[in-house]
Amino acid sequence: MTLGGFLSLRQSCPSFAAPIDSRNAPAAAAASSSNPRALRFRHKFFPRATYLRAPRRAMDPPRCLGSSDLEEATDDIPAASTVHRAVPSDLVEKMMYDALVWSALHGLVVGDRRVQKSGTVPGVGLVHAPFALLPMSFPRAYWRQACELAPIFNELVDRVSLDGKFLQDSLSRTKKVDAFTSRLLDIHSKMLEINKTEDIRLGLHRSDYMLDAETNLLLQIELNTISSSFPGLSCLVSELHRNLLNQYGKDLRLDSRRVPGNTAVSRFADALAKAWNEYNNSSAVVMVVVQSEERNMYDQHWLCAVLKEMYGVATIRKTLSEIDTQGHVLPDGSLVVDGQTIAVIYFRAGYSPNDYPSEAEWRARFLMEKSFAIKCPSISYHLVGTKKIQQELAKPNVLERFLDNEDIAKVRKCFAGLWSLDDPDAVKSAIEKPDLFVLKPQREGGGNNIYGDNVRETLIRLQQQGTEELAAYIMMQRIFPTASLAFLVREGVWHLDNAISELGIYGAYLRNKDKVIMNDQCGYLMRTKVSSSNEGGVAAGFALIPSTAAEKLILILMRRVDLKTKC
């Protein structure tokens with residue numbers, strides 16, 4: 001994986017906060033009401049959680065700008081390929097050295113797969129996250145389009161999640177041939193049977209897009225509703241690029257003031273803190289559900305550190321197995337794990353069959369779901385993010401079931417071609433021209449999709465077998481973005497290669513019954529891979545991370561990294 005950054009857009013300071021004495025709660029409340037970004041805590045019940053803004057410190061995570069700020073950017077950014085071709089190798093070496101030092105000093109790191117304990121013991125076996133030295137171009141209009149879609153997709157996920165019959169019916173055939181989806185649906189079905197409702201619903205999503213070179217359209221790859229990773233590390237990349245361009249910008253004819261930051265980590269923390277506040281228990285904590293080995297733990301720790309520093313909210317980290325042995329639900333519905341009441345459950349695991357090696361993990365998932373803790377995501381939100389639901393929503397007249405008229409056209413415009421394998425014409429076309437299609441199973445994390453000649457072979461095999469296994473897949477139009485040159489750095493070595501990028505826009509949604517508390521676009525993740533690679537999962541080892549700016553927006557690149565999971 002490789003990280004990169006953008007150019008254009010002014011930088012603004014992050015909205016960090018520091019605790020003040022609870023005796024000054026009225027003043028804090030006044031300050032909060034005048035600042036729409038400040039979290040409004042219930043001071044009567046949470047006197048310790050009264051906050052005001054604090055000055056920015058050198059180690060504060062950076063913050064990105066909203067799409068409206070793009071109006072201030074100019075359009076005279078050199079084309080990425082031109083800039084990359086013109087940089088002499090000795091200058092690349094100097095920038096790379098400084099970038100490696102900066103990454104080590106500022107926590108732009110992942111676990112080193114060559115060190116045994118790097119995924120379990122913090123601080124052991126660290127290596128810089130792969131990154132791109134210089135920016136790539138991305139059109140401003142498409143960046144704005146993706147940002148404007150985020151709140152619409154947030155609302156869509158919530159509305160679809162409330163339609164249990166739609167979810168069950170849409171996934172009924174998939175359930176017969178996909179054991180993992182079947183187990184998720186079983187939990188969902190049990191919640192429907194006991195009429196379990198989620199009054200407080202929290203979603204931390206990411207919608208991923210590519211710009212198709214042939215049609216010149218921004219097309220959605222997928223919508224992630226569980227474990228939308230890299231809000232922490234992606235925020236550091238633009239700071240890295242700003243630092244490099246402060247030193248070398250004149251040589252490159254690039255201006256560091258035009259590198260935007262990224263709000264992903266601070267806005268995700270804001271959403272978690274607001275959810276914690278709605279739970280209304282000052283002694284409760286946020287529980288992060290993690291894998292037993294996680295080389296990307298520092299991205300997660302960034303979020304937990306910001307949550308603690310900005311809002312005073314404590315977190316604990318537990319695996320599904322630990323939750324099974326240490327957790328129980330009280331008669332009032334409270335979830336208690338290791339003696340601590342859980343207000344919010346934030347999943348950074350649980351999206352893959354590999355996360356459920358035994359029945360213990362499934363017991364833990366069911367235990368959490370039947371509790372009154374706020375799930376991020378709930379089982380219904382998780383199911384909305386499956387590939388099959390994505391394909392169902394693209395069918396004619398289905399969006400009309402969930403969205404208002406003015407939003408339907410905006411969403412439909414970004415849909416790529418999506419088909420069920422029950423469509424004989426689509427299957428025939430894919431067998432004849434397999435390079436134009438992608439087969440997708442109901443899996444997250446990268447490394448699962450089928451491309452090229454394997455599409456033809458898989459379809460022919462499934463047809464010959466005449467089984468229900470066709471329902472385990474959907475078929476999607478393959479998107480072909482334009483490739484550009486990029487300097488990619490991994491394990492202290494750089495090389496110049498053609499790369500393509502995938503833009504992910506983070507979104508946060510929080511609702512308590514009929515009240516929408518938060519529905520925002522929260523930052524971005526640009527994953528970049530060498531153009532010869534089919535897959536795009538960062539933590540699965542196929543892609544890199546970037547950042548954005550104006551027309552042309554400059555994105556962080558993420559090159560191949562051997563991380564085990566999507567998180």
Side-chain angles (χ1 to χ4, degrees), residues 3-11 64-85 132 134-153 206-222 234 237-238 241 245 252-255 257-264 409-416 477-486 498-507 521 523-529 531 536 543-558:
L3 306 180
F6 283 118
L7 296 177
S8 203
L9 306 191
R10 61 176 175 81
Q11 172 74 7
C64 92
L65 305 172
S67 58
S68 60
D69 293 305
L70 292 170
E71 298 295 343
E72 301 182 11
T74 58
D75 296 341
D76 57 349
I77 301 173
S81 58
T82 303
V83 173
H84 286 77
R85 291 182 195 279
L134 293 177
M136 294 183 71
S137 301
F138 195 84
R140 176 174 58 179
Y142 296 104
W143 158 259
R144 183 184 293 112
Q145 178 189 354
C147 291
E148 290 175 348
L149 281 167
I152 301 175
F153 275 113
R206 194 187 69 238
S207 184
D208 295 332
Y209 306 89
M210 277 187 175
L211 180 57
D212 185 60
E214 182 175 350
T215 62
N216 212 27
L217 292 173
L218 185 75
L219 299 179
Q220 187 184 54
I221 305 297
E222 64 180 350
S234 66
V237 178
S238 53
H241 283 257
L245 294 184
L252 301 169
R253 293 178 296 129
L254 299 173
D255 188 349
R257 293 173 298 180
R258 301 173 67 201
V259 179
N262 193 333
T263 51
K410 295 177 182 178
V411 170
R412 199 162 271 147
K413 183 179 179 180
C414 77
F415 279 166
Q477 163 195 352
R478 188 166 180 180
I479 303 169
F480 295 93
T482 301
S484 299
L485 288 174
N498 281 314
I500 57 176
S501 296
E502 178 178 316
L503 173 64
I505 298 295
Y506 292 108
Q521 173 267 121
Y524 52 84
L525 167 71
M526 182 63 69
R527 291 177 296 176
T528 299
K529 61 185 180 183
S531 57
L544 318 169
I545 306 178
S547 65
T548 349
E551 145 82 279
K552 300 175 177 178
L553 295 176
I554 299 188
L555 309 171
I556 304 176
L557 305 177
M558 224 174 180

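Between S501 and M210 the shortest heavy-atom distance is O-CG, 3.7 Å. Here the closest non-hydrogen pair linking N262 and G523 is OD1-CA, 3.5 Å. Between L252 and L134 the shortest heavy-atom distance is CD1-CD2, 3.5 Å. Residue I152 comes nearest to K410 through the heavy atom pair CD1-CD, 3.8 Å, listed as atom of the first residue, atom of the second, then distance.
Ring pair F153/F415 is tilted by interplanar angle, where 30° to 60° counts as tilted.
Using a distance-only test at 3.5 Å, with no hydrogens or angles considered, a donor-acceptor pair links the side chain of D212 to the main chain of F480.
Counting only heavy atoms from C-beta outward, the side chains of N216 and Y142 approach each other to under 4.5 Å. At least one side-chain heavy atom of C147 sits less than 4.5 Å from a side-chain heavy atom of I505.
Distance NZ/K413 to CG/L218: 9.0 Å, rounded to 0.5 Å. Within the model, atoms CD of Q220 and CD of E502 stand 10.0 Å from one another, a figure rounded to the nearest 0.5 Å.
Legend: residues meeting ring pair (Phe, Tyr, Trp, His ring centres under 6.0 Å) with Y209, ordered by chain and number and at least two apart, are absent. Listed by chain and residue number, R206, R527 satisfy the salt bridge (charged side-chain N to carboxylate O under 4.0 Å, His left out) test with D208 (two or more places apart in sequence, or in another chain). Remark: Q477 engages no residue in a side chain to side chain donor-acceptor pair (under 3.5 Å) (not counting sequence neighbours).
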Practice problem: Any chance you could lay out the side chain to side chain contact (heavy atoms under 4.5 Å, CB included) test for L149 and V411, step after step, and finish with the verdict? | Solution: CA-CA 7 Å; L149 281 167; V411 170; 4.3 Å; yes

